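One structure is given here, and the rest of the page talks about it.
Note that this is a predicted model, so its numbers are computed, not measured.
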Amino acid sequence: MENPHSPISIPEASPKPYKKSFVTTLMEAASLRSPFKEDTYFTSHLKASEKKALQELKDKLMASYGPDGECTMWGIPLLAEDEKADVVLLKFLRARDFRVLDSFRMLQKCLAWRKEFKADSVGEEDLGFKELEGVVAYMHGYDREGHPVCYNAYGVFKDKDMYERIFGDEEKLNKFLRWRIQVLERGISLLHFKPGGINSIIQVTDLKDMPKRELRVASNQILSLFQDNYPEMVARKIFINVPWYFSVLYSMFGPFLTQRTKSKFVISREGHAAETLCKFIRPEDVPVQYGGLSRPNDLQKPASEFTVKGGEKVNIQIEGIEAGATITWDLVVGGWDLEYSAEFVPNKEDSYTIAVEKPRKLSPTEEAIRNSYTSKESGKLVLSVVNTSSRRKKVAAYRYTVRKSTLE
């Protein structure tokens with residue numbers, strides 16, 4: 001028998017914005033287009049010279065390791081004549097501009113390093129670092145194209161005690177590096193290694209409060225390990241909360257980067273994390289600390305996306321709320337800097353509209369809004385977003401659940 005006091009779901013009415021065109025307009029219309037185009041890994045798309053390089057690399061591997069030699073990476077036998085092996089080999093070739101000898105040497109060194117490092121089993125190890133999980137480096141959700149997303153944030157190491165616990169000596173540093181590789185290997189295990197599939201991840205790096213000088217050694221070693229042993233594993237590198245001096249540093253090292261590498265970069269200054277991330281990642285998959293809707297242990301219900309043009313107000317109606325029902329909603333706006341309010345409008349004509357949240361200005365550093373309201377009578381909730389202080393179009397998203405308790 002059902003517990004009469006337990007909450008039950010009731011059907012949710014479709015939200016009816018006063019300006020329907022805003023709600024039905026998706027954020028993709030405003031998405032930033034990166035010049036980087038990821039490889040498809042279809043051999044039929046290769047140039048004749050690239051096909052030749054691929055075959056030459058296979059021949060060198062066969063000559064060096066033989067048909068029974070140990071030549072496996074990420075569980076994929078590289079000497080097998082299949083598409084997964086081709087994807088891995090093409091990554092090494094692309095990293096060295098299809099120079100076969102350079103690609104072969106890189107591949108050899110990587111195979112030796114993975115054997116010495118025991119990289120194939122690191123994903124199952126318990127290395128500790130519980131305090132760093134979900135904070136410093138972690139896989140979280142997917143981008144709009146299906147790439148797994150890895151977040152990196154080293155601001156916690158501005159705390160000297162934390163820094164000493166993790167990087168106090170060489171043994172601690174090496175353990176941290178192994179943990180960081182573990183995070184990456186777990187992300188790579190989500191890839192398809194298939195032509196036309198998802199064959200790389202997204203890296204999001206939060207530069208807020210990052211202690212540059214103290215982390216120089218660790219950062220250089222991480223970068224070296226990634227570049228030498230994980231070629232073409234990153235489809236896009238998004239830097240958020242970028243301080244003003246980063247542009248100066250970028251102007252210095254930028255000329256030494258290849259155009260292909262630079263085309264993967266997306267740089268977002270402080271206060272624009274949500275606006276930038278939501279161009280590539282759906283808001284329900286962006287962590288709440290970066291202005292998204294994703295909270296720990298939260299139901300990942302899809303969000304509805306809309307835009308608010310400069311100088312305009314958008315009202316979103318959520319109808320069909322019965323007496324005694326509780327509605328909970330989330331709302332996020334890329335770039336913020338606008339006004340928000342919420343009110344409950346009863347169905348009875350002689351009832352008064354209730355101000356659930358009074359109009360207030362939202363700051364760029366504010367987390368996504370989450371609130372709930374239990375109605376005493378049937379009616380609708382109206383969420384208002386006002387963008388009168390800016391001429392820029394804002395991208396936004398919301399979601400909600402309605403539940404009511406029944407007593408028999």
- Task: Can you see which heavy atom on Leu215 is nearest to which on Tyr163, and at what distance?
- Result: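 Closest approach of Leu215 to Tyr163, heavy atoms only: CD2-CE1, 4.2 Å.
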Is there a side-chain contact between [X] and [Y], using heavy atoms and a 4.5 Å cut-off?
| X | Y | result |
| --- | --- | --- |
| Met73 | Leu78 | yes |
| Arg94 | Pro231 | no |
| Val149 | Ile201 | no |
| Leu338 | Val385 | yes |
| Ser341 | Arg360 | no |

- Step by step, work out the side chain to side chain donor-acceptor pair (under 3.5 Å) result for Tyr65 and Glu70. CA-CA 7 Å; Tyr65 294 92; Glu70 186 177 343; over 6 Å; no
- Evaluation steps, side chain to side chain donor-acceptor pair (under 3.5 Å), between Lys237 and Gln203: CA-CA 5 Å; Lys237 300 178 182 180; Gln203 288 273 12; over 6 Å; no
- Task: Using the side chain to side chain donor-acceptor pair (under 3.5 Å) rule, take Ser268 and Glu275 through it: C-alpha gap first, then chi angles, then the decisive distance, then the call.
- Result: CA-CA 9 Å; Ser268 174; Glu275 186 176 10; over 6 Å; no
Using the six-membered ring wherever Trp is involved, compare the ring planes of [X] and [Y] and label them parallel, tilted or perpendicular (cut-offs 30° and 60°).
| X | Y | value |
| --- | --- | --- |
| Phe176 | Phe167 | perpendicular |
| Trp113 | Phe117 | parallel |
| Tyr398 | Tyr400 | parallel |
| Tyr138 | Tyr151 | parallel |

For [Y], is there an ion pair with [X] - N to carboxylate O distance below 4.0 angstrom?
| X | Y | result |
| --- | --- | --- |
| Glu81 | Lys58 | yes |
| Arg99 | Asp97 | yes |
| Glu232 | Lys264 | yes |
| Asp120 | Arg114 | yes |
| Glu125 | Arg178 | yes |
| Glu185 | Arg180 | no |
| Asp86 | Lys91 | no |
| Glu322 | Lys404 | yes |

Is there a donor-acceptor pair under 3.5 Å between the side chain of [X] and the backbone N or O of [Y]?
| X | Y | value |
| --- | --- | --- |
| Asn152 | Val204 | yes |
| Lys194 | Glu83 | no |
| Arg186 | Gly123 | yes |
| Asn241 | Ala273 | no |
| Asp285 | Gly141 | no |
| His192 | Ile198 | yes |

- Query: Run the side-chain contact (heavy atoms from CB on, under 4.5 Å) check on Val217 and Leu173 step by step: do they pass?
  - Reply: CA-CA 9 Å; Val217 173; Leu173 173 60; 3.9 Å; yes
- Item | Full working for side chain to side chain donor-acceptor pair (under 3.5 Å) between Ser384 and Asn315 | CA-CA 4 Å; Ser384 298; Asn315 292 322; 2.6 Å; yes
How far does [atom1] of [X] sit from [atom2] of [Y], to the nearest 0.5 angstrom?
| X | Y | atom1 | atom2 | answer |
| --- | --- | --- | --- | --- |
| Leu93 | Glu50 | CG | CD | 9.0 Å |
| Leu331 | Phe306 | CG | CZ | 5.5 Å |
| Asp209 | Asp159 | CG | CG | 11.5 Å |
| Leu101 | Arg96 | CG | CZ | 11.5 Å |

- Message: Assess the residue pair Arg399 and Ser304 against the criterion (side-chain contact (heavy atoms from CB on, under 4.5 Å)); give the C-alpha distance rounded to whole Å, side-chain angles, the decisive distance to 0.1 Å, and a yes or no.
- Response: CA-CA 6 Å; Arg399 63 182 178 184; Ser304 299; over 6 Å; no
